[in-house]
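Please read all numbers here as calculations on a predicted model, not as lab measurements. The figures here come from the full heavy-atom set of this structure, side chains too, leaving out hydrogens, waters and symmetry mates. Below, read A as the first sequence line, B as the second, and so on, with proteins coming before strands; counting in each chain starts at 1.
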Number of protein chains: 2
Amino acid sequence: MSEPIRVFLVDDQQMVRAGFRMLVESQDDMVVVGEAGDGGEALALLAVTASDVVLMDVRMPRMDGVEATSRLLATPDPPRVIVLTTFDLDEYAFAAIRAGASAFLLKDATPPDLLGAIRSVVAGDAVVAPSTTRRLLDHFAALPDPVSVASDPRLDVLTERELEVLTLIARGRTNPEIAADLVVAETTVKTHVGRLLAKTGSRDRVQLVVLAYESGLASS
Amino acid sequence: MSEPIRVFLVDDQQMVRAGFRMLVESQDDMVVVGEAGDGGEALALLAVTASDVVLMDVRMPRMDGVEATSRLLATPDPPRVIVLTTFDLDEYAFAAIRAGASAFLLKDATPPDLLGAIRSVVAGDAVVAPSTTRRLLDHFAALPDPVSVASDPRLDVLTERELEVLTLIARGRTNPEIAADLVVAETTVKTHVGRLLAKTGSRDRVQLVVLAYESGLASS
DNA sequence: ACCCGGGTCCTCCCGTGGGCTGACGCCGCG
DNA sequence: CGCGGCGTCAGCCCACGGGAGGACCCGGGT
């Protein structure tokens, strides 16, 4: 442990900063190199203060932690950012992750948790609070699976040709255009469209487009 | 701690199972209720063995851990599944998450890590190995943002009202319906639609729907 | 004071879309 | 063989959508 881990604290409440400072300074391989009370101040100070890890509160006046994280990560050779929040809200967590934070923790995390997170992010790993991980995984699992396209049951009764027509409708093509594409008469296309409407319970081609997208037939 | 946590072990190497069993049984609030050497055996035994947590190896003969997890989660009142792997490969991790696993750990996790993960998943939380979390977050951050819609530039010139009309069009509503929704005359709606068509370069409302979905305005 | 952009509303016109009805050839199935 | 589903095609009708052109009110900016 040649070089101590340089930690920077960002929180609008100085009492919170003092607590974190005590905790961090209690470790002989960590040192607090600075503090800031909001995002703007943090960016200004970090521009002239070399730091390894930034403990960043989410809710702050003027510039919040997410915005500050995003901007900080855009600077050359940025530090790792650990985002802290009091309330376990998805919006905060996901926004922080998108902003490029390496860790997302609740403020009720235990001191060992926080210190472990600091060491993890310095090592290049990432840390997410367990309760947040649950929902992160749920979101991830809920993502559209590129392999198995879960189709709408309403599309099951459609014939190959009808699906063909439906995809063309979902591309915004008119009946004459579809007729030209499929090399058939326009009246034939109208017949297919009529059957599509009847089978899917749609009112007009607009609702067919909606159905095509909602069911994943159209590539969004 | 009235009821002990019932743990089920699935791994094709009995030495590994023995190690886990020793670790789990060393806790006085946990008990091993069964073991299996592959996914099929695990499913069969778990069908008749009430269990809270399943420690599931990924690489196994016959049925692997991901497949077994997926099938297990499809049964009524399934246990939580902790997926374990020797190699930290994205395919395993993401497949396990999609399959519905509550935790993803490397086999080099420390005993406290594993025991903590067991307690976390029983509590409804999720756990991901730090090194995997890093890449999970990277993937997540790279996803299209559902909140701040990175809109199509064509939508930038639209007014608030026009966007409102556009979203209703994208829900398949007719002009009279939109008029009723917004409490305005139908002619007003037609004016908005006309401007939408002109501004976006669309030919008809069908193409507007396509645009709405492609730009992410409509929730697909 | 003025203008301009956004929102609202109107009338006239007509093309596309969709409903309805009926028809034909092809194929697979009982 | 007859039957039915599918794909093809036709004519008729008309409601809805969209274009053109004009009009009014309101708010903010010059």
Side-chain angles (χ1 to χ4, degrees), chain A residues 149 151-215 217-218 220, chain B residues 148-149 151-218 220:
Chain A
V149 188
S151 288
D152 192 289
R154 278 179 292 179
L155 300 186
D156 293 350
V157 294
L158 301 183
T159 67
E160 270 307 309
R161 196 60 158 175
E162 285 163 356
L163 283 172
E164 214 170 336
V165 174
L166 179 53
T167 58
L168 289 172
I169 290 176
R171 291 205 182 97
R173 320 209 38 124
T174 65
N175 287 342
E177 286 173 349
I178 295 173
D181 288 351
L182 301 181
V183 202
V184 295
E186 187 193 342
T187 54
T188 304
V189 176
K190 295 182 90 176
T191 306
H192 287 312
V193 173
R195 285 207 255 269
L196 280 169
L197 296 174
K199 286 187 177 181
T200 63
S202 303
R203 178 172 48 194
D204 49 36
R205 66 201 295 109
V206 177
Q207 294 193 343
L208 286 179
V209 177
V210 175
L211 175 63
Y213 273 96
E214 295 293 341
S215 67
L217 209 184
S220 177
Chain B
S148 69
V149 191
S151 293
D152 192 290
R154 280 179 289 179
L155 300 186
D156 292 350
V157 295
L158 302 183
T159 67
E160 271 306 311
R161 199 59 160 174
E162 286 162 355
L163 283 172
E164 214 170 337
V165 173
L166 179 53
T167 59
L168 289 172
I169 290 176
R171 291 205 182 96
R173 321 215 31 134
T174 65
N175 287 341
E177 285 174 350
I178 295 173
D181 288 351
L182 301 182
V183 200
V184 295
E186 187 193 343
T187 56
T188 304
V189 176
K190 294 183 96 177
T191 305
H192 287 312
V193 173
R195 284 206 257 270
L196 280 168
L197 296 174
K199 286 186 177 180
T200 62
S202 304
R203 177 173 47 194
D204 49 37
R205 67 201 296 110
V206 177
Q207 294 193 344
L208 286 179
V209 176
V210 175
L211 175 64
Y213 273 95
E214 296 292 340
S215 68
L217 211 185
S220 176

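- Ion pairing between R203(B) and E177(A) holds under the 4.0 Å rule for side-chain N and carboxylate O.
- Remark: P of dG17(C) and CG of L166(A) are 15 Å apart, rounded to the nearest angstrom.
- Residue contacts for T191(A): at a heavy-atom cut-off of 4.0 Å it reaches a base atom on one of the strands shown.
- Across all non-hydrogen atoms, the minimal contact from R173(B) to L168(B) is CG-O, 3.2 Å.
- In this entry the distance linking NZ of K199(B) with C1' of dG18(D) reads 17 Å, nearest Å.
- Side-chain contact between V184(A) and I178(A) is absent, with no heavy-atom pair separated by less than 4.5 Å.
- Here the C1' atom of nucleotide dG17(D) and the CG atom of D204(B) are 9 Å apart, to the nearest Å.
- Comparing L182(B) and V206(A) along DNA chain C, the residue whose closest nucleotide (by nearest heavy atom) sits nearer the 5' end is L182(B).
- When rounded to the nearest whole Å, the span between CZ of R205(A) and P of dT16(C) equals 12 Å.
- Look at CD on E160(B): it is 15 Å from C1' on dG5(C), rounded to the nearest Å.
- Ranking dC9(C), dG17(C), dG7(D) by closeness to the R161(A) side chain, first place goes to dG7(D).
- Candidate nucleotides dG17(C), dC10(C), dA10(D) were compared by shortest atom distance to the side chain of P176(A), and dG17(C) ranks first.
- Here N175(B) does not reach the OP1 or OP2 of dC16(D): none of its side-chain N or O atoms lies under 4.0 Å away.
- Checking the phosphate oxygens (OP1, OP2) of dT8(D), a side-chain nitrogen or oxygen of H192(A) falls inside 4.0 Å.
- With rounding to whole Å, K190(B) atom NZ is found 10 Å from dC13(C) atom C1'.
- Distance, R173(B) CZ to dC16(D) C1': 16 Å, rounded to whole Å.
- Remark: R203(A) is not in phosphate contact with dG18(C), judged by side-chain N or O atoms under 4.0 Å from OP1 or OP2.
- Neither OP1 nor OP2 of dG7(C) sits under 4.0 Å from any side-chain N or O of T188(B).
- Atom pair E186(A):CD and dG15(C):P shows a separation of 14 Å (rounding to whole Å applied).
- At a threshold of 4.0 angstrom between heavy atoms, the contacts of T159(B) are confined to the sugar-phosphate backbone, with no base atom among them.
- At least one donor-acceptor pair closer than 3.5 Å links the side chain of T191(B) to the backbone N or O of T187(B).
- With dC10(C), dC9(D), dG18(D) as the candidates, the nucleotide lying closest to the side chain of T187(B) is dC10(C).
- No side-chain heavy atom of D204(B) sits less than 4.5 Å from a side-chain heavy atom of L208(B).
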